Amino acid sequence: MKTRTTTEQSAPADAPASAPLTGLRVLDLGWVMVGPMSGRYLADMGADVIKIESSRRLDPLRTLGPFRDGKPNPERSLSYHFINAGKRGLTLDLNTETGREIVLALVRKADVLIESFTGGVIDRMGLGWERLRAENPALIMVSTCLFGQTGPERSVSGVGTLGAAYAGASALIGWPDRPPTGPHGPWTDSVTPRFIVASVLAALHRRRRTGQGCYIDVAQAEAGLQFLLPAYFEQAANGRSPQRVGSDADPLRSPSGVFPCAGDDRWVAIDASANAHWRALRALAPAVLTEPAFDTLVGRLRQRERLHAALGEWTATHDALDLERRLQAVGVPAQRVCQANDLAGDEDLLHDGYFGAIEDPQIGPMKIRNPMFSLEPAGVIAARPAPRLGDATDAILREVGGYSDAQVAQFRQDGVLA
């Protein structure tokens, strides 16, 4: 189903005409992950996403790497390609009045704008919601920062590691007798784009009925709270704060958890708490698991520590991938804990077409993640490179902004397009 847009033609040339967001134009003023990843999801559905950035203040993701062949260069960051695939690039100095005027010109022809500056920054730039709505009443604007645009913490800047700590995830992850370790990486950076994209799609449906745009404020730390609600409910209802449990998965399931395997830091996740799964596991595991005390779930829960220790001694003698296959073959839910190299050759990911090949002048041929969904009848949009700095600046200014070649040349001479 197509969305009604404010533009005449916005789809990138390599997006199929049947893609659901064909004709949608998105201005991406985000940086690092949350805003740009949200833009990538929209690009993966056929939208023309214009990445607005500046060579004078690089998107930090361009400097983080990893870099192709280990050679640092803003155009060679594989992380940047992964998160910004399928977009067009426009370099613009937003510290200049002319640069901000150009944004306003683009807003008049845009459907969605996403920004991820610290709370209040976009307003001080003169590009806040009230200003943009005056230029385009049908615009859908998304602001996303750590703590949102309102409240006492609105001006606090930070990344997803701080968001994970604020949400409470950091305190819940780790071993019970050690300090908290937190989730690996900036957890809320992965969670928040899902909320943003769902909100944008809902806003597009609303606009189709009403013709009105809207403003969406997404606090990244609050997005992280949604996946920890059982912990909050435990405190609110029972006055107990959940503690770190190490590799145990669920206090009401046994055996269920992550168990060591042969090799350096290799693990397998197993959930054999259901009686049928437990019987299948028993047939493979050592005789100690055949004790009558383990016959029922209640018995296994009462003897949970001893059972898990015995199971861990057995799994520690097996290769993680081999054990995963053996357990799955008899119907036991099991999955090895993968490292990055494991994922690159994972049979399920390869079978599902998770990876796609791209070609880029700066880094040559490489593989990145394809879109994470297939929408019928559009099918899957093939993986595409991320934009090089300003690679479509002139075309965007002419086609979207309505500027003449002479005006574009003057902008460049004045240092605005940098």
Side-chain angles (χ1 to χ4, degrees), residues 7 10 12 25-33 35-36 39 43 48-65 67 71-77 79-81 83-84 86-110 112-132 134-136 139 141-143 145 157 360-363 385-418:
T7 62
S10 312
R25 179 172 289 134
V26 179
L27 303 181
D28 178 1
L29 276 71
W31 61 347
V32 192
M33 183 169 178
D48 177 21
V49 181
I50 297 171
K51 170 75 172 175
I52 300 177
E53 55 186 325
S54 173
S55 60
R56 292 175 177 162
R57 191 178 183 186
L58 288 172
D59 184 334
L61 196 61
R62 287 189 178 273
T63 70
L64 292 178
F67 300 99
K71 299 176 181 178
N73 184 291
E75 305 285 15
R76 296 174 64 82
S77 168
S79 296
Y80 187 88
H81 273 275
I83 291 176
N84 291 280
K87 304 177 185 179
R88 297 196 289 166
L90 166 65
T91 49
L92 200 59
D93 188 350
L94 297 182
N95 289 318
T96 66
E97 182 178 352
T98 302
R100 295 190 290 272
E101 290 175 352
I102 291 173
V103 171
L104 293 176
L106 299 176
V107 162
R108 297 181 195 115
K109 298 291 185 68
V112 178
L113 181 144
I114 302 173
E115 65 90 7
S116 59
F117 300 114
T118 300
V121 170
I122 198 74
D123 292 303
R124 293 194 293 272
M125 295 171 64
L127 298 173
W129 167 238
E130 295 301 330
R131 182 71 179 90
L132 300 188
E135 298 293 333
N136 181 357
L139 180 73
M141 178 178 178
V142 179
S143 290
C145 63
S157 61
D360 182 82
Q362 288 288 335
I363 60 176
R388 298 182 301 281
L389 276 165
D391 64 356
T393 294
D394 290 22
I396 292 168
L397 293 179
R398 288 194 303 265
E399 298 167 9
V400 184
Y403 295 105
S404 66
D405 290 344
Q407 288 174 305
V408 174
Q410 187 63 52
F411 294 151
R412 184 163 282 108
Q413 181 177 332
D414 295 340
V416 176
L417 308 181

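Small disclaimer: the values here were computed from a predicted structure and weren't measured. Position 1 is the first residue of the sequence; numbering continues from there.
Ser77 places no side-chain N or O within donor-acceptor distance of the main-chain N or O of Pro74, the cut-off being under 3.5 Å. Although no hydrogens or angles enter the test, the distance criterion places no donor-acceptor pair under 3.5 Å between the side chain of His81 and the main chain of Pro385. When atom types are taken as modelled, the side chain of Lys109 and the backbone of Glu399 share no donor-acceptor pair closer than 3.5 angstrom. Checked by atom type and distance alone, the side chain of Arg88 never pairs as donor or acceptor with a backbone atom of Asp48 at under 3.5 Å. Listed for the Asp391 side chain is a donor-acceptor partner under 3.5 Å among the backbone atoms of Gly89. Asn136 places a side-chain N or O within 3.5 Å of a backbone atom of Ala110 that can act as its donor or acceptor partner. Between the side chain of Glu53 and the backbone N or O of Leu389 there is no donor-acceptor pair closer than 3.5 Å.
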Steps toward side chain to side chain contact (heavy atoms under 4.5 Å, CB included) verdict (Met141, Ile122)
CA-CA 11 Å; Met141 178 178 178; Ile122 198 74; 4.2 Å; yes
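To the nearest 0.5 angstrom, Leu64 atom CG is 9.0 Å from Ile83 atom CD1. The CG atom of Leu139 sits 5.5 Å away from the CH2 atom of Trp129 when rounded to the nearest 0.5 Å. Between the NZ atom of Lys87 and the CD1 atom of Ile52 there is a distance of 11.0 Å, given to the nearest 0.5 Å. In this structure, OG1 in Thr96 is found 7.0 Å from CG in Leu94, a value given to the nearest 0.5 Å. Taking CG of Leu127 as the reference point, atom CZ of Phe117 lies at 8.5 Å (rounded to 0.5 Å). Taken to the nearest 0.5 Å, the CZ atom of Arg62 stands 12.0 Å off from the OG atom of Ser79.
More than 12 heavy atoms of other shown residues, nucleotides or ligands fall within 6.0 angstrom of atom CD in Glu130.
Between Ser116 and Gly30 the shortest heavy-atom distance is OG-CA, 3.1 Å. Between Pro36 and Asn84 the shortest heavy-atom distance is CB-OD1, 3.4 Å. In terms of heavy-atom proximity, Glu101 sits nearest to Tyr403 at O-OH, 4.1 Å. Of all heavy-atom pairs between Thr98 and Phe411, the closest is CG2-CE2, 3.6 Å. Closest heavy-atom contact between Leu106 and Gly401: CD2-N, 3.7 Å.
Counting heavy atoms from C-beta on, the side chains of Pro60 and Tyr80 never come closer than 4.5 Å. Side-chain contact between Leu132 and Leu104 is present, with heavy atoms from C-beta onward closer than 4.5 Å. Looking at heavy atoms from C-beta onward, Val416 lies in side-chain contact with Leu92 at the 4.5 angstrom threshold.
Remark: Glu115 engages no residue in a salt bridge (Lys or Arg N to Asp or Glu O under 4.0 Å) (not counting sequence neighbours). When the salt bridge (Lys or Arg N to Asp or Glu O under 4.0 Å) test is applied to Arg76, the partners found at least two apart in sequence or on another chain are Asp69. When the salt bridge (Lys or Arg N to Asp or Glu O under 4.0 Å) test is applied to Asp59, the partners found at least two apart in sequence or on another chain are Lys51. Scanning for salt bridge (Lys or Arg N to Asp or Glu O under 4.0 Å) contacts around Arg388 gives Asp360, with sequence neighbours left out. For Thr393, the side chain to side chain contact (heavy atoms under 4.5 Å, CB included) partners at least two apart in sequence or on another chain are Leu90, Thr91, Leu397, Arg412, Leu417. Remark: Gln410 pairs with Gln413, Asp414 by the side chain to side chain contact (heavy atoms under 4.5 Å, CB included) rule, at least two apart or across chains.
Put simply, the residue from Leu113, Val26, Val400 that forms a side-chain contact (heavy atoms from CB on, under 4.5 Å) with Ile50 is Val400.
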